[in-house]
Protein chains: 2
Amino acid sequence: MHLQDRWKLIIDELNPDRVTSVDELTARLGVSPATIRRDLNELHELGHLLRVRGGAMRIEGKHFTAKAEPKTPEFQTDSLIGQSSFLASTIVNAPVKRAIARAALDFLKPGISMIIDGGSTTYTMANMMANEPYHVLTTSIPILQCLLDRSKVKVTLPGGELFREQRIILNPYEDGMLQNFSAAKMFIGCQALTRNGLMQSDTLLVQSERRLMERADQVIVLADSSKIDAPASLSVCPLTAIDVVITDEGLSDAAREWLEHAGIEVRIAQVTAEDRKASEVV
Amino acid sequence: MHLQDRWKLIIDELNPDRVTSVDELTARLGVSPATIRRDLNELHELGHLLRVRGGAMRIEGKHFTAKAEPKTPEFQTDSLIGQSSFLASTIVNAPVKRAIARAALDFLKPGISMIIDGGSTTYTMANMMANEPYHVLTTSIPILQCLLDRSKVKVTLPGGELFREQRIILNPYEDGMLQNFSAAKMFIGCQALTRNGLMQSDTLLVQSERRLMERADQVIVLADSSKIDAPASLSVCPLTAIDVVITDEGLSDAAREWLEHAGIEVRIAQVTAEDRKASEVV
DNA sequence: TAAGAATCAATCACATTCGATCATCAATCG
DNA sequence: CGATTGATGATCGAATGTGATTGATTCTTA
């Protein structure tokens, strides 16, 4: 039996809703545990399965029987802003989002004040945030909830109307709260990031975010590489308004070039084993 | 059994409304309490559940699993009780509160705009509220969450700072949002109701409520009879500012006398069998 | 307030799993 | 035919998960 055939068998053999153990695969394929482990590690490296201690798990949403090609990151409809529900979006690309969120946390120092916009990546960030004396202004209800148990974090909300779909608060009026708030940093997700700038799909959101950006000294965009040059309609701001972009290894050289040419600091977040682990449960 | 399998089972086993104990999980999964504790701590660290003493709870908005209903994450009506365990414990007198809350609902008409202040009785009221085209301004996070799934209810929040203890938003500044809001009715709880007026215990709360009351045409106080003439320190407003008091049968004749003498309409809510039954579930 | 019960974190011992290394074997190529 | 390459299997020390014990902490109840 050849390596590729075995790989195919392994992937077929994986159970969709539980861990398939090394022993199980050993028995099923008639090869040694060492070989199975090697296979699993390689397949994991290629992104075809999720390696865990004792075995492997099928990756959610990957059902292929044919031998798959090395990955170009597929276009993922993320964006809690769009029609996809918030929760659904949190599970797409979760390891990458975690990595990006973690990289974003490097920008935090105790005592800092920041604006955190709504979105699945920023939500992940809030989730991972330490309990330090930060001051956070957010429009997102999920982030608010998440920060409820960080006793040291001071949370401020802008006034406004609740939008259920996106679970955010948007303020149609100029807001006293906002006028008094000045943030060192603003963390923002997006639907797309193109040469034309930061893109969203919702008009109200665009207005709100523009207003928020005015209150921040430094704008930090959290966007996984599938967002770069993704199709989108409404521009929130030009590239010049952005200070930092945090993305993942999938960023193309070309894209990096035009980002840096616009004076943007580009940070590449490394996906660690823990990031994957944390996403397994979903 | 593998770690990830166990994690999945644990999360499936969790309930948003109550704490699932370590013992319960131990029995269900057939592993030692030590392992369960380790798992719970890790899952908490990863943000997948809420660790509490004796067990864990499902985090609201994370109830998607293998069997997940993919789209519209319906928030359950009484979910936040589970989420904010403090509320569960503070809802004493629940049947009476339900009765009072139900009586308060009589004041609602579709299209009405109202202010709902924070508090356990007003929270009960929000919980029982129908899904009609109301417009609600509230400072209370639990009420906000509760109204998330009333699709027809328009919810507005004042800007301000989050106070964890009370789960409310207080606005130290004059707020643009508030200036533009005008409510037909305001529903408010209290710590005590005396001849000196509506009493609270918290200075910040007093300020905020005063400001809110200015924006409402009619002030409706929800206070069970134990609050009448109860000891309290800070006066929010004199009796003259109050239009209606809803209380229960325990109201003394004397108290009723001085309330009505102040021009206040007094309503007595009848506790039904269903109120008692509904309260047991919590 | 104090005693008792429940829960917890830390730690140890044991079992499983892992990764690195090396020897073997088969296929390929000069 | 012999040498080289690459895959496989075995071995072993290291790392990790698990269960039990213990002493500390927190909650409850009297």
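Throughout, protein chains are lettered first and strands after them, A, B, ... in sequence-line order, and every chain is numbered starting at 1. Computed from a prediction, not measured in an experiment: that's the story for all the values here.
- Rounding to whole angstrom units, CG of residue A:D5 and P of D:dT8 are separated by 11 Å.
- A:L148 places a side-chain heavy atom less than 4.5 Å from the side chain of B:L162.
- Within the structure, every side-chain polar atom (N or O) of A:R53 is placed at least 4.0 Å from both OP1 and OP2 of D:dA15.
- Note: CD1 (A:I36) to P (D:dA10) measures 13 Å, nearest angstrom.
- Two residues, A:V22 and B:R37, neighbour DNA chain C, and the one matched to the more 5' nucleotide by heavy-atom proximity is B:R37.
- In this model, a donor atom of one side chain and an acceptor atom of the other lie less than 3.5 Å apart for A:S226 and A:D224.
- Straight-line distance from the CD atom of A:Q4 to the C1' atom of D:dT8: 15 Å, rounded to whole Å.
- Whole-Å rounding puts the B:M1 CE to C:dT17 P distance at 14 Å.
- Proximity note for B:L3 (side chain, C-beta onward) versus D:dG17, D:dC27, C:dA9: the nearest is D:dG17.
- The phosphate of D:dT18 has OP1 or OP2 within less than 4.0 Å of a side-chain N or O from B:R6.
- One interatomic measurement links the two molecules: CG of B:D39 to C1' of D:dG17, which rounds to 10 Å at whole-angstrom precision.
- Checked against D:dG9, C:dA9, C:dG19, the side chain of A:N41 finds its nearest nucleotide in C:dG19.
- Here the rule is side chain to side chain contact (heavy atoms under 4.5 Å, CB included) with A:V136, and of A:L108, A:L144, A:L147 only A:L147 fits it.
- Straight-line distance from the NE2 atom of A:H44 to the C1' atom of C:dG19: 15 Å, rounded to whole Å.
- Close to D:dG19, at under 4.0 Å from its OP1 or OP2, lies a side-chain N or O of B:T35.
- Atom-to-atom, CZ of B:R38 to P of C:dC8 comes out at 13 Å; the value is rounded to the nearest Å.
- A straight line from NE2 of B:H2 to P of D:dT16 spans 18 Å, rounded to a whole angstrom.
- Distance from the side chain of A:D23 is smallest for C:dT17 among the nucleotides C:dT17, D:dG19, D:dG9.
- A:R51 has a side-chain polar atom (N or O) that falls below the 4.0 Å cut-off from OP1 or OP2 of C:dC18.
- Using a 4.0 Å cut-off between charged nitrogen and carboxylate oxygen, B:E42 and B:R38 do not count as a salt-bridge pair.
- Looking only at atom types and distance, the side chain of B:T124 has no donor-acceptor partner in the side chain of B:T121 under 3.5 Å away.
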